[in-house]
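A note on names: the letters A, B, ... follow the listed sequences, proteins ahead of strands, and every chain is numbered from 1. Fair warning: this is a prediction, and the values are worked out from it, not measured in the lab.
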Amino acid sequence: MEHLQILIVLIPLLCAPICVLLPGGRLPWALATLAAWTTLVLALLLLGRIESEGVLSYALGNWAPPIGIEYRLDYANGLVQLLLATVASVVLPYSYRSARREIDNDRQPGFYAALMLLFAGLMGITATGDAFNVFVFLEISSLSTYALLALGRDRRALTSAFRYLIMGTVGATFFLIGVGLLYAMTGTLNMADLAERLPAVAGTRTMDTAVAFLVVGICLKLALFPLHLWLPNAYTYAPSAVTAMVAAISTKVMVYVLIRFLYTVLGADYSFGQLPLAQVLMVLAVIGMLTASAVALNQPNAKRLLAYSSIAQVGYMVLGLSLASTLGLTASLLHMFNHGLIKGALFLALGCVFFRVGSTDVERLRGLGRAMPWTMAAFVAGGLSLIGVPLTVGFVSKWYLVLAALDQGWWALVIAILISSLLSVAYIWRLVEIAYFQPSPSRDITREAPLALLIPTWILVLANFWFGIDTRLTVGVAEQAAAALLGVGP
Amino acid sequence: MISLGLYNYWIVIGLMMVGLYVMISRGNLIKKIVGLNIFQSAVFIMYISMGVVEGGAVPILTDGVTRYSNPLPHVLILTAIVVGVATTALGLALVVRIKEAYGSVDEDDLHRMDNDF
């Protein structure tokens with residue numbers, strides 16, 4: 001039982017090379033799906049163990065921390081691991097039909113191997129309690145993401161993957177510089193150990209430089225405005241299953257890394273008390289929320305529209321964490337989980353559209369409300385959740401964010417959140433209007449997407465409502481995680 | 001000058017800026033990768049310089065030596081070098097595919113062909 005913490009990373013990691021060795025056809029897909037489902041079980045077991053035993057610590061290779069690499073699991077990363085495993089367990093069954101349509105047959109084993117590497121990398125980032133280990137897993141997940149993005153049929157997939165490769169590597173290298181400077185000041189890489197030793201050197205110029213590199217590097221990867229330039233094209237031209245996977249979990253994991261470094265490693269007192277990070281992040285988050293939502297309004301491609309919406313939603317998460325209060329952090333963690341479910345569902349629905357129509361141009365959505373009722377109903381339900389209609393997860397996290405802003409008397413922030421939500425009503429409505437109220441241009445009838453795609457999509461859509469109505473699990477875990485990160489309560 | 005004693009770090013900063021500048025200013029995708037490599041090399045040198053202990057020997061166990069340089073940053077950067085090689089390989093592979101798809105590796109040409117920004 002004590003090895004669960006490492007198994008949740010190792011299982012997908014080992015599946016990757018096996019996928020390459022397996023002959024094409026169903027086998028690589030079946031193995032990858034099985035691995036994803038196993039990690040979901042492990043994530044649930046681990047969450048149960050955190051509840052009964054508190055913070056879990058695992059010494060890799062039996063080398064005691066802080067010398068060895070420690071895997072450390074508390075509520076915050078337990079929640080992220082649950083999100084990762086959930087999304088992967090839904091997207092992988094979906095990817096079978098979707099990838100057969102969009103990716104050449106001889107590339108299938110490699111596709112699943114890269115998907116597993118991406119998943120293992122993100123899992124590793126959340127599992128580890130070692131600063132350098134984060135960099136290693138970050139690069140594992142990034143390299144596989146570049147390869148996956150380049151698999152898109154459109155040639156622009158290649159240029160977008162290249163642009164992300166350059167910007168992503170700069171971000172990861174900045175992160176590496178930051179970690180190096182922290183090591184130079186303290187002589188340790190273990191996060192808990194760093195947290196103990198850093199107050200002694202806080203305020204030195206090296207530390208300030210280290211924090212600057214860390215924050216800019218992480219923000220590049222999580223696509224905080226104005227460091228988001230790589231994101232829209234990358235999401236637009238990637239294969240459907242890849243977009244759903246990357247959009248739902250990649251940026252969320254980086255938000256988690258930002259929270260982990262600002263709160264656990266550096267400590268809220270230092271990063272928000274002594275350094276003006278709260279102001280910087282808050283301003284950028286608000287500008288990102290408003291401008292990205294506005295830009296989303298008149299995008300010609302539905303996937304690109306949702307990509308801009310993702311940038312805005314990252315703004316909500318960063319806004320929550322920049323408030324440096326238990327409520328704000330709760331909102332940030334909640335929105336991380338909830339937005340993963342929302343964007344996963346929306347991109348899976350668009351994947352169904354792409355499967356039948358062969359494009360996600362807004363113009364091509366005409367009349368699909370009648371031709372593909374289940375797909376478009378899923379899209380509308382996901383859209384409602386994105387807007388934040390009550391009974392959906394989007395409402396829960398926005399509610400907490402508004403509460404957190406009001407708690408500190410930030411009326412302007414509440415107004416910004418409302419304006420951004422109104423803009424999201426506008427861009428979702430635009431798609432709904434075209435799909436339901438404009439007649440199909442051609443006479444040939446588009447058929448409904450196959451069940452193999454619809455069922456996973458609807459599972460995520462229903463999860464949006466389930467966690468919107470029964471918030472005990474998510475809110476409970478997020479509240480305890482926030483309290484632990486701020487050092488109040490158990 | 002005291003600061004000149006830490007000339008390694010000046011080299012690091014210089015290389016880092018050169019790398020970043022090349023990446024930003026050059027439109028040729030291959031040159032961008034060259035810039036990325038220079039940038040990453042700067043970080044490698046930074047890590048290696050960090051591990052130096054004054055009067056320390058090369059960290060290989062030898063009789064009669066008690067003071068060694070810190071080998072940990074070297075080991076860390078070995079990992080980062082491997083990552084750098086992988087990134088370069090992937091980047092170059094993408095450039096080959098871009099050349100096949102567009103017939104050019106210049107960023108301005110690519111944008112013009114796609115009517116994209």
*In terms of heavy-atom proximity below 4.5 Å to chain B, should A:Ile140 be classed as side chain, backbone, both, or neither?*
neither

*Just give me the residue among B:Leu90, B:Val95, B:Leu72 that pairs up with chain A most often, heavy atom to heavy atom, under 4.5 Å.*
B:Leu90

*What distance do B:Lys32 atom NZ and A:Leu165 atom CG have between them, rounded to the nearest 0.5 Å?*
11.5 Å

*Between atom CG of B:Leu94 and atom CG of A:Leu149, what is the distance when rounded to the nearest 0.5 Å?*
9.5 Å

*Do any of residues 44-51 of chain B come closer than 4.5 Å to chain A, heavy atom to heavy atom, and if so which ones, in number order?*
B:Met46, B:Tyr47, B:Met50

*asked:* How close do B:Ile77 and A:Leu176 get, counting heavy atoms only, and between which atoms?
replied: CD1-CD2, 4.5 Å

_Min side-chain heavy-atom separation A:Phe162-B:Arg97 under 4.5 Å_ = no

*asked:* According to ring pair (Phe, Tyr, Trp, His ring centres under 6.0 Å), who are the partners of B:Phe39, at least two apart in sequence or on a separate chain?
replied: A:Phe174

_Looking at every heavy atom in both B:Leu76 and A:Phe132, which two are closest together, and how far apart are they?_
O-CZ, 3.2 Å

*Can you tell me how far the CZ atom of A:Arg155 sits from the CG atom of B:Asp114, to the nearest 0.5 Å?*
5.0 Å

*Hey, could you give me the OG1/CD1 distance between A:Thr159 and B:Ile98, rounded to the nearest 0.5 Å?*
6.0 Å

*asked:* I'd like to know whether CG of A:Asp106 has more than 12 heavy-atom contacts from other residues, nucleotides or ligands below 6.0 angstrom.
replied: yes

*Output, in order, the C-alpha distance, side-chain angles, deciding distance and verdict of side chain to side chain contact (heavy atoms under 4.5 Å, CB included) for B:Leu110 and A:Arg156.*
CA-CA 9 Å; B:Leu110 302 184; A:Arg156 276 170 288 187; over 6 Å; no

*asked:* Considering only residues two or more places apart or on different chains, which pairs with a residue in residues 168-194 of chain A satisfy side-chain hydrogen bond (donor to acceptor under 3.5 Å, both in side chains)?
replied: A:Glu70-A:Asn190, A:Tyr183-B:Asn70, A:Thr188-A:Asp193, A:Asp193-A:Arg197

*asked:* Heavy atom to heavy atom, less than 4.5 Å: which residues from residues 19-29 of chain B reach chain A?
replied: B:Leu20, B:Met23, B:Leu29

*Go through the atoms of B:Thr79 and report whether side chain, backbone, both or neither lie under 4.5 Å from a heavy atom of chain A.*
side chain

